[in-house]
Amino acid sequence: MFTTMFWILAIWFIINVIWMWFATDNQKLQKTFAWINVVAVIIGFWVYFGVTKVSGIDTWFNIMNYANIVVAIVQFYFGYRNSSTVKHA
């Protein structure tokens, strides 16, 4: 289960980051991906601390969990930022 969840979360992380950077102006998509990423972080930490670890990837699994937290914070910023900013001349 540890290895399977690692690869599922790794593939999600790659897809998530690619879509995040190509759609920074799409607030609805950013919000959706941010909340999905919160679920991925919860599952990731649950698996990391609740299942027997595989020694080759346990450090990378933990790094990916914390990287997902950073990505989720960025996505929440892009998703919930005020889009009606005023530009001064």
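One-based numbering along the sequence shown.
Here the CZ atom belonging to F6 is positioned 9.0 Å from the OG1 atom belonging to T3, to the nearest 0.5 angstrom. With rounding to the nearest 0.5 Å, the separation of CG in D58 from CD1 in I63 is 9.5 Å. The distance from atom CD1 of I43 to atom CG of N65, rounded to the nearest 0.5 Å, is 10.5 Å. A distance of 12.0 Å separates CE of M64 from OG1 of T59, quoted to the nearest 0.5 Å. Here the straight-line distance linking atom CD1 of I11 with atom CG of N16 works out to 13.0 Å at 0.5 Å rounding.
No path of Ile, Leu, Val, Met, Phe, Trp and Tyr side chains, each step under 4.5 Å between heavy atoms, connects I36 with V38, placing them in separate hydrophobic clusters. Hydrophobic clustering keeps L29 apart from V71 (ILVMFWY residues linked when any side-chain heavy atoms are closer than 4.5 Å, directly or through intermediates). Linking Ile, Leu, Val, Met, Phe, Trp and Tyr whenever their side-chain heavy atoms come within less than 4.5 Å leaves I42 and V51 in two separate clusters. V70 and Y77 fall into different hydrophobic clusters, where Ile, Leu, Val, Met, Phe, Trp and Tyr are joined by side-chain heavy atoms under 4.5 Å apart, directly or via other members. Hydrophobic clustering, with ILVMFWY side chains joined whenever heavy atoms are under 4.5 angstrom apart, keeps I15 apart from V74.
Residue I14 shares its hydrophobic cluster (ILVMFWY side chains chained together at separations under 4.5 Å) with I18, F22.
Using bins of under 30°, 30° to 60° and over 60° for the plane-to-plane angle, the ring pair F2/Y48 lands in the tilted bin. Relative orientation of the W19 and F33 rings is perpendicular, given thresholds of 30° and 60° on the angle between their planes.
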Review point. Going through the distances and angles, do L9 and F61 end up as a side-chain contact (heavy atoms from CB on, under 4.5 Å)?
Key: CA-CA 9 Å; L9 291 173; F61 201 123; 3.9 Å; yes
Review point. V41 and F45: side-chain contact (heavy atoms from CB on, under 4.5 Å), yes or no, with the steps?
Key: CA-CA 6 Å; V41 166; F45 279 113; 3.6 Å; yes
Review point. Passes side-chain contact (heavy atoms from CB on, under 4.5 Å), W21 versus V17? Steps please.
Key: CA-CA 6 Å; W21 289 117; V17 169; 3.6 Å; yes
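Judged by the 6.0 Å distance and 45° axis criteria, K31 is not positioned over the aromatic ring of F76.
N37 contributes no side-chain N or O that, together with a main-chain N or O of I69, makes up a donor-acceptor pair within less than 3.5 Å. A donor-acceptor pair under 3.5 Å is absent between the side-chain atoms of Q27 and the main chain of Y80, judged by distance alone.
Looking only at side-chain heavy atoms (C-beta outward), W35 and V39 stay at 4.5 Å or farther from each other.
Remark: the D25 side chain and the Q30 side chain contain no N/O donor-acceptor pair separated by less than 3.5 Å.
When all heavy atoms of A34 and A72 are compared, the pair lying nearest together is CB-O, 4.1 Å.
Partners of Y66 according to the side-chain hydrogen bond (donor to acceptor under 3.5 Å, both in side chains) rule, which considers only residues two or more places apart in sequence or in another chain, do not exist here.
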